[in-house]
Amino acid sequence: MKKIEPDFASFRDSAGSIFYFEDNVLRVLDTEGDKRIDFLKKNDLISKSVSRKFLISSNITDKYDTKIDNNEKKTVIEHKKIQYISYPYEWCFEQLKDAALHHLDFHLFLLDNGATLIDGSAYNIQFEGTHPIFIDILSIKEYSDGEYWIAHKQFCENFLNPLILKSKKGIDFNNWFKGNLEGINTKDINSLLGFLDLFSFNILTNVVLMNYFDKKALKKKNIDFKNLKNKKLPKKTFISILKNLKKFIEKLKPKKKRTTWDEYSVSNTYDFDEEKKKKEIVKNFVIQNKFNMMADIGCNDGVYSKISLESGCKLVVGFDYDLNSIEKGYIRAKKENFNFLPLYLDASNPSTNLGWNERERKGFKKRVNFDGLIALAFEHHLSIAKNIPLNQTVNWLIDLAPRGLIEFIPKNDETIKKMLMLKGDIFKSYNEQNFKNLILKRAEIISEEIVSQSGRKLIEYKVR
C-alpha cells in the first residue's frame, strides 16, 4: 500500500493541510478552507489565477477517500508538483526580487477581483526554472471593504528588508534569513540604515515608521481594539500602497562586491580545445542518459547546465557558493528561457532541517531526488580548501545521484598548487588512484577522460 506523507511545513494552516501520495500533492481542507475555496469557485478565481500564471495548477478532486471515523468527507485539492522545492535563503537577489514582484502583482490582481492575500510569506512562492509561482491557495480570501493589509509586516520582513539589505548595504541576506526563518526583522534593518537611506519614501514608511509603531505598540499597555476595528483603509489606498512598493522594488539593484570566484575565475580557465572537449563530454553524457532532473554542483553561471538542457535534460538545478555567479546564471536563464534553477549552497555547511521540530524546512539532503549529477572542478574545494577527507567528499557526491560525471583535479594543477602554498601538502591520500578506488567501492566507473594538460580528468560513474 502506498504511503501518505504529511507536509510538516503546512501545520500552521488551520484551513487545510498538505499531503503527498505517490507523485501527487494533495491539500485536504477544513471548514475555513471550504469557505475560502467556495468563494474562489463562485468567482472563477482559481482558473483565472492559474491561466494568468499567478497560481500553481489546482483542481478540486473526488479521487481520494478522506472519510475518517465516519466523519463528513473532506474537500481535496490536487496541485501540480514542484520538481524541486527551494527556500528564499537559497535564492539570489534577483530571484527574491522576482518573487516579491510576483506576490505584489498577484495581490493587485486579486484586489481587482474582490479577493486579498492573508499572508506575505516568501515560502508561498516557488520557482519552476526561472518562473515564480504562488503555491498557497488557502492564503486567498474574500476582501472585506476597508480592511488593512494584515500581512504588510510579514511581506516586508520576508521580501523587502532582505532586498534593502543587499541593495543599500551590499550585505547578502542568505545566511541571515536561514538563521531567522521569518525573514529579517524590521528593527534589525532599521538599525543598519544610514541618514541618506531615509530620503526614500518607501524605506521611511515601510521600515522606519513600521519600526517606530512596533516599539510604540510594545510600550502601550491598554490597546483600544474596538477603536482599531472601526478604522478603515480605503481600497484605493490599499492598492496605492502595493503599487508604490512594486515601483520601489523594481528599481532596486544589488550592491555587488567582488567575490572569491571573481578572482579565481580569472586565472583558472581552460584553453579553447580543452573547454571544447569538456563540453562535448558533458553533452554526450546527458544525451546517453536522458535525465529528467540533474544537479550541477559548483554550477558557476550555468554554462554546463545549459549544455545539459540542450542535450535533453528537462530541468537542471544548479548549486554554487558564489552569489554573483548564481545571479549571472539566473539572469541569463531568464533571458534565454532555459529551465535552470540556480541556488546558493555552501556544500561544507548545507541547509539542514529547520523550523518547528526540525521538520518545517527540509535540509539539502532531504530534498535530493536527482537522477543525474555533474560536479565539474568542484571536489577539490571540499577536499583541499575545506579539509574534508576525500572519502567523505566522494560519498557525499555519489549520494546525490545514481549516475554522475565528476572532475578530479590533480595536485600538479596550478589551482591545487596555489591552495597547497597556503596550507602545505597535508593531503597524503589525495591522488587520482585513491579517488577512483573510493568511487569503485560504491559504483562502476563507466569512462574517464583527461581534459587538461595538467591531467584534470572527467570520471563517469554508475551506482551498482
Side-chain angles (χ1 to χ4, degrees), residues 82-104 121-134 155 157-181 183-184 189 248-265 294-306 309 315-351 361 364 367 378 381:
I82 298 292
Q83 282 190 276
Y84 188 86
I85 295 292
S86 61
Y87 300 129
Y89 45 84
E90 297 167 332
W91 301 341
C92 65
F93 178 91
E94 290 296 331
Q95 283 168 311
L96 185 63
K97 178 178 172 179
D98 283 350
L101 294 173
H102 186 84
H103 182 105
L104 290 170
S121 171
Y123 298 97
N124 287 344
I125 305 280
Q126 281 299 318
F127 279 88
E128 296 184 304
T130 58
H131 306 288
I133 194 80
F134 195 88
F155 177 88
E157 296 192 338
N158 274 234
F159 292 107
L160 184 65
N161 294 352
L163 292 172
I164 289 173
L165 184 70
K166 178 65 174 175
S167 180
K168 301 299 180 184
K169 300 301 168 189
I171 300 171
D172 295 323
F173 56 79
N174 304 78
N175 289 329
W176 193 335
F177 206 141
K178 186 167 69 170
N180 177 20
L181 293 177
I184 295 178
I189 193 74
F248 176 67
I249 290 172
E250 280 175 334
K251 292 176 182 176
L252 290 177
K253 296 186 184 302
K255 189 175 183 180
K256 291 185 179 177
K257 294 179 180 177
R258 198 163 176 79
T259 62
T260 305
W261 175 254
D262 292 321
E263 304 292 343
Y264 179 86
S265 60
M294 283 177 59
D296 183 353
I297 303 292
C299 65
N300 192 10
D301 61 1
V303 170
Y304 293 95
S305 295
K306 188 182 180 189
L309 290 162
L315 169 66
V316 178
V317 184
F319 299 93
D320 207 289
Y321 177 76
D322 187 271
L323 282 158
N324 284 0
S325 296
I326 293 167
E327 198 92 54
K328 288 174 190 172
Y330 176 71
I331 292 168
R332 183 176 172 217
K334 269 182 69 178
K335 186 178 179 182
E336 298 177 24
N337 194 30
F338 56 93
N339 201 20
F340 177 48
L341 176 62
L343 299 171
Y344 169 74
L345 172 72
D346 178 354
S348 64
N349 183 29
S351 299
R361 306 297 168 201
F364 170 72
R367 287 173 283 153
F378 172 79
H381 289 290

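Quick note: numbers below take in every heavy atom, side chains included, and nothing from hydrogens, waters or symmetry partners.
Here the side chain of Asp320 pairs a donor or acceptor atom with the backbone of Asn300 at under 3.5 angstrom. A donor-acceptor pair under 3.5 Å is formed between the side chain of Gln126 and the backbone N or O of Ser86.
When side chains are defined from C-beta on, Lys306 does not count as touching Asp301, because their heavy atoms never get closer than 4.5 Å. By the 4.5 Å heavy-atom criterion applied to side chains, Tyr87 and Leu181 are not counted as neighbours. When side chains are defined from C-beta on, Tyr123 counts as touching Pro88, because their heavy atoms get closer than 4.5 Å. For the pair Ile125 and Phe134, the minimum side-chain heavy-atom distance is below 4.5 Å. Here the side chains of Tyr330 and Phe127 are in contact, with some heavy-atom distance below 4.5 Å.
Atoms CG and CD, from Asn174 and Glu90 in turn, are 9.0 Å apart once rounded to the nearest 0.5 Å. Taken from CZ in Phe155 to CG in Asn161, the straight-line distance is 10.0 Å, to the nearest 0.5 Å. Rounded to the nearest 0.5 angstrom, Lys97 NZ and Leu252 CG are separated by 6.5 Å. The distance from atom CG of Leu315 to atom CD of Gln83, rounded to the nearest 0.5 Å, is 5.0 Å. Between the CG atom of Leu343 and the CG atom of Leu323 there is a distance of 10.5 Å, given to the nearest 0.5 Å.
In this pair, His103 and Phe159 present their aromatic rings tilted. The plane angle is within the 30 to 60° band.
Residue Pro162 comes nearest to Asn158 through the heavy atom pair CG-O, 3.6 Å, listed as atom of the first residue, atom of the second, then distance. The minimum heavy-atom distance between Lys334 and Asp98, with the atom names listed, is NZ-OD2, 2.9 Å. Here the shortest heavy-atom pairing between Phe338 and Thr130 reads O-CG2, 4.5 Å. Contact between Ile133 and Glu128 at its shortest, heavy atoms only, is CG2-CG, 4.3 Å. Taking every heavy atom of both residues into account, Ile189 and Ile184 meet most closely at CB-CG2, 4.4 Å. Taking each heavy atom of Ile85 and Ile82 in turn, the nearest pair found is CD1-CB, 3.9 Å.
Listed by chain and number, the residues in a side-chain hydrogen bond (donor to acceptor under 3.5 Å, both in side chains) with Gln95 amount to none (sequence neighbours excluded). Legend: residues meeting side-chain contact (heavy atoms from CB on, under 4.5 Å) with Glu327, ordered by chain and number and at least two apart, are Cys92, Phe93, Glu94, Pro254, Lys256, Ile331.
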Could you give the side-chain donor-acceptor pairs of residues 166-173 under 3.5 Å, partners two or more places apart or in another chain?
| unit_1 | atom_1 | unit_2 | atom_2 | d |
| --- | --- | --- | --- | --- |
| Lys166 | NZ | Asp172 | OD1 | 2.7 |
| Ser167 | OG | Lys253 | O | 2.9 |
| Lys169 | NZ | Asp197 | OD2 | 3.0 |

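Put simply, the residue from Val317, Val316, Leu341 that forms a side-chain contact (heavy atoms from CB on, under 4.5 Å) with Ser305 is Val316. Each of Phe378, Tyr344, Phe364 was compared with Phe319 under the ring pair (Phe, Tyr, Trp, His ring centres under 6.0 Å) criterion, and only Phe364 meets it.
Cation-pi geometry between Arg361 and Tyr89 is not satisfied (NZ or CZ under 6.0 Å from the ring centre, within 45° of the ring normal).
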